[in-house]
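Please read the structure below before turning to the comments.
The sequence lines fix the lettering, A, B, ..., with proteins before strands; numbering per chain opens at 1.
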Amino acid sequence: MSELLLVSIMIGAIQSGTPLLYATLSETIGERVGIINLGLEGIMLIGAVVGFVITVLTGNAALGVVAAALAGALFNMIFAFLVITRRANQLACGLALMFCGVGLSALIGAPFIGRQIEGLNAIKIPVFSDLPFFGRAFFQHDILVYLAIPTAVVIWWFLFKTRWGLSLRAVGENPTAAFAAGKNPYLLQYQVLFISGLLGGIAGAHLSLALAHNWAEWMTAGRGFFAVALVIFAKWHPLRAIAGALLFGGAISLQLQMQARGVPVSSFILDMLPYVLSLTVLVIWGRTSRSAVPGSLGRVFQGTE
Amino acid sequence: MKINPAPLLSFRGITKSFPAVLANDHIDLDIYGGEIHALLGENGAGKSTLMKILYGFYQADGGSILVNGQPVQIRSPHDARGQRIGMVFQDFILIPALTVAENIALFLSDLPFILDNDAIVSRIENISERYSLQVKPEAPVWQLSVGERQKVELLKLLLADARILILDEPTRSLAPHEVIGLFQVLANLRRDGYAVVVITHKMKEVLECADRITVMRRGKIASTLLGAEATENTLVSLMFGKAVAESPQRRGESPPEEGIPFLELKGVSTQPEGTGIGLKEINLTVRPGEIVGVAGVSGNGQRELGDVVLSIEKCARGTKYLGGQDATRWSVAQVRNSGTAFIPEDPLGMAAFPWLSVQENMAMSDVSRYARHGGLSMDWEAVRTDLQASLKRLGFQIPPFYVPLGILSGGNIQRMILAREMAHNPRLIIAFYPTRGLDVQSAVAAREVLLASRDAGAAILLISEDLEELFSLSDRLAVMLRGEIVATSAPRDITVQEIGYLMTGSKGEGAERG
C-alpha cells in the first residue's frame, strides 16, 4: 500500500512537475534577458486551449502541441511589443496579458467544454518500464515528460556556452553595455520572448493534452505564478529549475493524493499547500539570492538618446 | 612623435543641439594615427557629445565624419566598430556579473556561435602581455579594481581590432601610480600606430601625455595646439576665456582646537549590504573648526561612512557620538536636527526630487521649519528668502524657483543642494565630492564656503576622490581601503604618491617610475 502511494506520488510529481518545468524555463530565459513576465499564466492558458481545440479538430495530438507552442509564442509577442517597443511597465502588461489570456481561452474553449480526447499517451520505454518500482514511476510517461529535462539542458547550454546566450545574459544584466558592445537589445529580447512563448504554450498543452485530457476554464490554477516563484527558487538557472519543478510537482501531487484518499483535513487547506510552499520559498530565498538576479530585471532599455 | 600624413579620422562641420543647448557647433577636427590627442574642456564644453556622435550613441544634426578620407555613416556603436573605432566610457560599461573573458567575448563579433573559452583566454593573454594590461580572464568583473576594469575595457577594444581609441576621463578614480601606468600603456599604443583620443578636464595630465591638445569651449573648438608648446596658462585662458579665480588657500597652520569633537566614531562596524562593503572598526573624530578629508578609491566604504554618520545605515558594533551625546541609535531626523548637513555623492539619487520644484526641494530637508498652521500650510516666502540668501552667500546664480529641479543641469542641481544644506549654518557637514560636476568657478566658490564654515566653527567631514582638493582643504586626512581607515595624517606630513599607494593597498611597486 505504502509503495503504491509512493509510486503514485512520484508519478504525480513528474506529471505535475513537467508543465511547471516548461513554464519555469520559459520565465527563466525571459528574466535572463531582463524581462519579468507575469503573463505566463495567460500564455499557458492559450497554449492549453489551442492545443486542445486543434487536437479535437484534427485528432492529432502532436499537431496540437505544435499549435499550442506557436499560439503561446504569438500571444507573447503582444507582451513583447508592449514592453520592448512601447516601453511599457512590465508588471502591468504582464498582469493584463494574464487576464486577457484567461478571458480569451475561456471564449475559445467554451464550445469544447466536456469533450474528452485521447491526447498524449504514455510511451512505455521497452525493458525499463518493466522494472518493479522505477518502471512505473519513470518510464511510462508521455513524450513531453521525456523531453522536459533535455529541454532544460539545451537551454542551459544555449545560455552559458554560446555567443547568443552570452549576449542574452548581457542584455539582462545591462542593456546599455550590450548595446555599446554592438548588440541589439530589442532584437534579442524579441527572440527570447518568442522562445519563452513557445515554452509557455507547451506547458499549457501538457496540462490539457496529457494531464487532464479535457478543457476547463482557468485550468492552470496559478501554475504560471508558481513558475515565477520557481525561477527565484532556481536562482535563474535552468538546471536547478528541474529540482524545483519536481519539488513543486510533488507538492501538487501530494495535495491531490491526500484529497483523493479523503484525509480529514479541510480541502481548502490542502488546496493551499503548493501556494504556501511557494510563499515559504520566497521568504527563505528572498534576501539571499540577490547576486543571482539579472542586474536589469524589470527595467526597460530606453535607448541612448 | 611621428604623425602620418593623412588623418585617420576627420570631423567636418559636426553640429548637435539638445533642448536649450547647442552642444557641438560646426566642429572641424583631424585625428592622426600614432598620436595621443587630448580633448580638453570644462564640463559641458561638448567634448563627450562629440565623441558619442563618433561612437554612434548620438546622431549629429549636421556635418560629416570621415575615416581614412572616406565619409562614413555611424548610426550605432555597431557601425562605429565596423570603422574600427572603440570607446572607453567614463563609467565603464562592463557587466559585473560576468567574467573578464565573458565581457570581452561579448564584444568580439568574429567568435563562433559556440564559444571556446580557452581560445578567448589565450587571445586575451597575448594582447595583455604586449601592452602590459595584465588581468585575470576568469575573474568576475565585480571583483576587479577600477584600474583593472579600465584595463579590461582597453583589452576589449584592442582585441576587437579598433584603431581609433577614445577614452572618456580615463584618469578619474585612478590612483596616481595607476595613472602613470595608463600613460605608459597609451605610449605603447601610439608606438604601434593607434590613434588615441583622451577626453579630460585635467590640465596637468594633458600636458604630460598628449601630442596635440584641442581645447573646446561652449560647443566650439577654441584652438588646437602641440603638447610641447602648450602651457597651463594658455590652456586655462583657452578653456575659460577669462582669468579664473585662484583656488582658496588653506588657513594657516593653526592646530585644531582641543575641544570636544562634534563627531566621534568609536570602533564602528557595519554589515556589508549586497555587493557593498562593510565598515570595520572605524575610529574617527571631527572637531569643530576642522576639516577631516577622507581619501580612497570609490567603493571602499566612503559611502557607508557617510550613511552611518547620518543613521541611514546602522552600526553593527561600536558607538557614535554627536556633540558629546551617544547618537548610535538616533534616527535620521534626530541627526539632521542636531545640525548636520549632508551633501551626497549622487544628488539626484540621494538628496533631490527631480519632479518637485526648486523651492519644494529646498523645503524638503527641513519641513517643520517652514510649516505653518500645524503643517496645514507652508511658508514659501521664508523658503525663498532662505534659499536666495544662501545662494547669494555662495556666489551662485539664482535659478527660477518654480521649475522642476530635474530640468536643471547636473552642476546647477549640485549648487542647489549646496545652498540648501548650507542655509542654516550647520554644525556638522558631511560632504561627498562637493565639487563634482561644478565648473571651476563654482567649485572654487563651494570650497570657499566649506572653508568659511570651518572658520565659523563647523566640523566638516569631506569625502572626495580629488586628491588635490583634499590636500588643499583638509586639516587632517584619513585614507580608506576596504572599509577600514588605513592611515591618518596631516596633509603636510604625507605626499600625494603615498596616499595613492595607501588607497590602492599596493606597497609602492612602480614607485621608481613615479
What part of B:P96 gets closer than 4.5 Å to chain A, counting heavy atoms only: side chain, backbone, both or neither?
neither
Report, as yes or no, whether the 6.0 Å neighbourhood of atom OH on A:Y146 holds more than 12 heavy atoms from other residues, nucleotides or ligands.
yes
Near A:R163 CZ, under 6.0 Å, is it more than 12 heavy atoms from other residues, nucleotides or ligands?
yes
Nearest 0.5 angstrom please: B:T99 OG1 to A:L166 CG, how far?
8.5 Å
For residues 31-43 of chain A, tabulate all N or O donor-acceptor pairs below 3.5 Å that involve a side-chain atom, not counting sequence neighbours.
{"from": "A:E31", "atom 1": "OE1", "to": "A:W236", "atom 2": "NE1", "distance (Å)": "2.7"}
{"from": "A:R32", "atom 1": "NE", "to": "A:W236", "atom 2": "O", "distance (Å)": "2.9"}
{"from": "A:R32", "atom 1": "NH2", "to": "A:W236", "atom 2": "O", "distance (Å)": "2.8"}
{"from": "A:N37", "atom 1": "OD1", "to": "A:G39", "atom 2": "N", "distance (Å)": "2.8"}
{"from": "A:N37", "atom 1": "ND2", "to": "A:N76", "atom 2": "OD1", "distance (Å)": "3.0"}
{"from": "A:E41", "atom 1": "OE1", "to": "A:R223", "atom 2": "N", "distance (Å)": "3.4"}
{"from": "A:E41", "atom 1": "OE1", "to": "A:G224", "atom 2": "N", "distance (Å)": "2.8"}
{"from": "A:E41", "atom 1": "OE2", "to": "A:W218", "atom 2": "NE1", "distance (Å)": "2.7"}
{"from": "A:E41", "atom 1": "OE2", "to": "A:T220", "atom 2": "OG1", "distance (Å)": "2.7"}
{"from": "A:E41", "atom 1": "OE2", "to": "A:G222", "atom 2": "N", "distance (Å)": "2.7"}

Minimum-distance pair of heavy atoms, taken over all atoms of [X] and [Y]:
{"X": "A:N174", "Y": "B:L94", "answer": "ND2-O, 4.4 Å"}
{"X": "B:L98", "Y": "A:R169", "answer": "CD2-NH1, 3.6 Å"}
{"X": "A:A170", "Y": "B:L106", "answer": "CB-CD2, 3.3 Å"}

Determine the option with the most heavy-atom pairs under 4.5 angstrom with chain A, choosing from B:I114, B:L108, B:N103.
B:I114
Go through B:H78, B:E102, B:K52 and name the one with the most non-hydrogen pairs under 4.5 angstrom from chain A.
B:E102
